[in-house]
Amino acid sequence: MKRFLGLVLALVMVLGLCGCADILQEHTIKKDSITSKVTMDIEKQYFDNLIKDPTLDTSDRMMLNEIKTAMVIVKKDGKDYYRYQSTENFSFKEYMEEGNTEEDGVNSIAYVTNEVMYIKQSTKEMLSGADTLWGDMDKIDFSKVTFKITMTFEKDVVNTNGTINPNNKKQAIFNNDPKAVRVTLFASTNKNITQASVEQMIAKSRKMGKAKIKKIKANKVKKKAKKASVTIKLKKVKGAQRYTIWYCKNKKFTGSSFNYKDTKKTKVTIKGLKKNTKYYFKVYPSRKDFTGDYYDGADSKIKSIKTKKYKKSKKK
């Protein structure tokens with residue numbers, strides 16, 4: 001989703017401050033795939049005036065001129081608009097992989113099959129892409145931006161928190177409020193699948209116990225050894241199928257010394273560490289969730305230990 005939304009929504013970042021934009025995001029769900037299409041209309045006058053603005057950075061002007069070449073002019077309510085369109089196809093797995101992310105501690109969720117689609121995101125995430133190109137999205141006046149989403153299935157929609165199109169019952173329509181902090185969109189063609197049942201399934205597929213490092217030990221270093229090692233014992237976490245151990249010389253787990261190890265065991269030896277050096281460790285439990293990929297649970301408390309250096313044994 002983000003790959004093709006980024007360029008389009010970069011315009012919203014600029015033009016949302018001074019002009020009117022209409023965005024239509026269309027999802028067409030078929031047996032094995034989903035087609036996502038974005039159409040954006042922006043008033044021609046505002047766009048042309050922006051490009052001519054003498055205060056506009058040269059690189060920004062070049063990018064907007066490049067975007068302009070990919071647009072066509074359409075008439076709406078007696079006004080000329082530039083229209084930008086982009087289409088991308090996904091397998092269900094690809095769509096869920098892109099839509100299930102975490103930013104600033106907020107989880108975004110995307111779940112889709114041939115008979116149900118569920119999206120839960122912050123509005124900022126829904127309109128993502130622009131922030132990476134134009135800076136602070138919090139400064140956009142989204143009151144001048146309309147954002148509509150449609151979901152079209154092969155069968156009639158029977159459950160939705162949107163509106164079923166009276167002219168096409170295979171389609172659910174969502175008129176998104178850009179001022180909303182978080183949005184949830186749901187539609188299903190199966191009467192037995194409700195928004196609550198989907199949310200319960202997602203939660204159950206990600207449920208795990210709390211991670212804990214039970215014991216950490218710096219191992220002895222042999223005379224000719226170039227590196228040191230540490231052995232860690234983990235608490236067995238209910239529901240977890242794998243553990244990811246993070247380790248680093250920096251407590252914030254940043255920098256070139258950061259590394260990690262995936263394991264299914266609860267007793268692990270971390271090798272290749274620098275001798276006589278303090279390291280920090282924490283562990284994430286994980287399990288395969290509804291997407292088929294590993295989902296990380298909450299991390300453990302951080303523990304630290306100093307690795308050993310070679311030390312001669314005392315003679316008796």
Side-chain angles (χ1 to χ4, degrees), residues 1-5 8-9 12 21-41 76 83-101 106-129 142-143 145-205 289-292:
M1 287 176 287
K2 293 182 183 179
R3 291 199 298 268
F4 69 116
L5 274 177
V8 181
L9 297 175
V12 176
D22 299 322
I23 300 171
L24 172 61
Q25 188 179 142
E26 301 169 272
H27 300 298
T28 303
I29 300 97
K30 298 181 180 179
K31 186 176 181 180
D32 300 311
S33 64
I34 176 171
T35 299
S36 290
K37 180 181 178 181
V38 167
T39 301
M40 177 172 165
D41 294 334
K76 289 174 61 177
R83 173 167 290 179
Y84 183 95
Q85 288 185 316
S86 183
T87 303
E88 197 161 6
N89 295 311
F90 301 89
S91 67
F92 292 153
K93 183 174 176 59
E94 288 171 337
Y95 187 87
M96 289 189 286
E97 285 175 345
E98 286 215 2
N100 285 276
T101 59
V106 178
N107 286 315
S108 295
I109 300 172
Y111 174 68
V112 61
T113 70
N114 66 312
E115 58 184 8
V116 64
M117 188 169 188
Y118 176 92
I119 302 172
K120 186 174 184 178
Q121 293 179 326
S122 67
T123 301
K124 181 177 178 179
E125 178 71 9
M126 186 74 74
L127 298 172
S128 64
F142 281 120
S143 65
V145 180
T146 62
F147 189 45
K148 182 179 178 180
I149 297 174
T150 65
M151 300 178 187
T152 305
F153 295 83
E154 293 184 305
K155 296 181 180 179
D156 289 353
V157 176
V158 293
N159 286 321
T160 183
N161 64 349
T163 303
I164 298 174
N165 186 347
N167 300 317
N168 181 2
K169 293 187 177 181
K170 293 179 172 62
Q171 187 176 82
I173 300 172
F174 305 86
N175 292 302
N176 184 42
D177 178 6
K179 294 182 180 179
V181 176
R182 195 169 176 85
V183 294
T184 301
L185 314 177
F186 165 79
S188 171
T189 62
N190 186 330
K191 66 179 181 180
N192 296 317
I193 300 177
T194 63
Q195 181 177 331
S197 69
V198 171
E199 290 173 341
Q200 288 170 5
M201 177 276 297
I202 291 170
K204 186 176 180 181
S205 75
D289 67 0
F290 65 95
T291 68

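Note that the structure is a prediction, hence the values are computed from the model and not measured.
Note: Q85 CD to T39 OG1 = 4.0 Å, rounded to the nearest 0.5 Å. Note that the CE atom of M151 and the CD1 atom of I119 stand 4.0 Å from one another [nearest 0.5 Å]. Between atom CZ of residue F92 and atom OG of residue S33 there is a gap of 6.5 Å, rounded to the nearest 0.5 Å. To the nearest 0.5 angstrom, I173 atom CD1 is 8.5 Å from N168 atom CG. Atoms OG1 and CD, from T163 and Q171 in turn, are 11.0 Å apart once rounded to the nearest 0.5 Å. A distance of 7.5 Å separates CD of E154 from NZ of K30, quoted to the nearest 0.5 Å.
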task: Test side-chain contact (heavy atoms from CB on, under 4.5 Å) on M117 and L185 and set out the steps.
output: CA-CA 8 Å; M117 188 169 188; L185 314 177; over 6 Å; no
- Start with the C-alpha distance between V183 and F174, add both sets of side-chain angles, then the distance that settles side-chain contact (heavy atoms from CB on, under 4.5 Å), and finish with yes or no. CA-CA 10 Å; V183 294; F174 305 86; over 6 Å; no
Checking side-chain contact (heavy atoms from CB on, under 4.5 Å) for the pair K155/E115: CA distance, chi angles, key distance, verdict? CA-CA 8 Å; K155 296 181 180 179; E115 58 184 8; 5.8 Å; no
* From CA spacing to verdict: side-chain contact (heavy atoms from CB on, under 4.5 Å), M201, Y118 -> CA-CA 12 Å; M201 177 276 297; Y118 176 92; over 6 Å; no
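Looking at heavy atoms from C-beta onward, H27 lies in side-chain contact with Y95 at the 4.5 angstrom threshold.
When all heavy atoms of F153 and N114 are compared, the closest pair comes out as CD2-O, 3.8 Å. Across every non-hydrogen atom of T113 and I29, the tightest pair is O-CG2, 3.2 Å. Taking each heavy atom of S197 and N192 in turn, the nearest pair found is OG-O, 4.2 Å. Taking every heavy atom of both residues into account, K191 and T194 meet most closely at O-CG2, 4.4 Å. Pairing each heavy atom of S91 with each of I34, the nearest pair is O-CG2, 4.3 Å. Considering every non-hydrogen atom in both M96 and T291, the closest pair reads CB-CG2, 4.0 Å.
Looking only at distances, no side-chain donor or acceptor of S108 sits under 3.5 Å from a matching main-chain atom of N100. Judged purely by atom type and a 3.5 angstrom limit, N161 has no side-chain atom pairing as donor or acceptor with the backbone of Q195. Between the side chain of N159 and the backbone N or O of I193, at least one donor-acceptor pair lies under 3.5 Å.
Checked against ring pair (Phe, Tyr, Trp, His ring centres under 6.0 Å), F290 has the following partners two or more places apart in sequence or in another chain: Y111. Judged as a salt bridge (Lys or Arg N to Asp or Glu O under 4.0 Å), and not counting sequence neighbours, the contacts of E97 are K93. Taking K148 as the reference, nothing meets the salt bridge (Lys or Arg N to Asp or Glu O under 4.0 Å) condition, with sequence neighbours excluded.
K76 NZ: more than 12 foreign heavy atoms inside a 6.0 Å radius.
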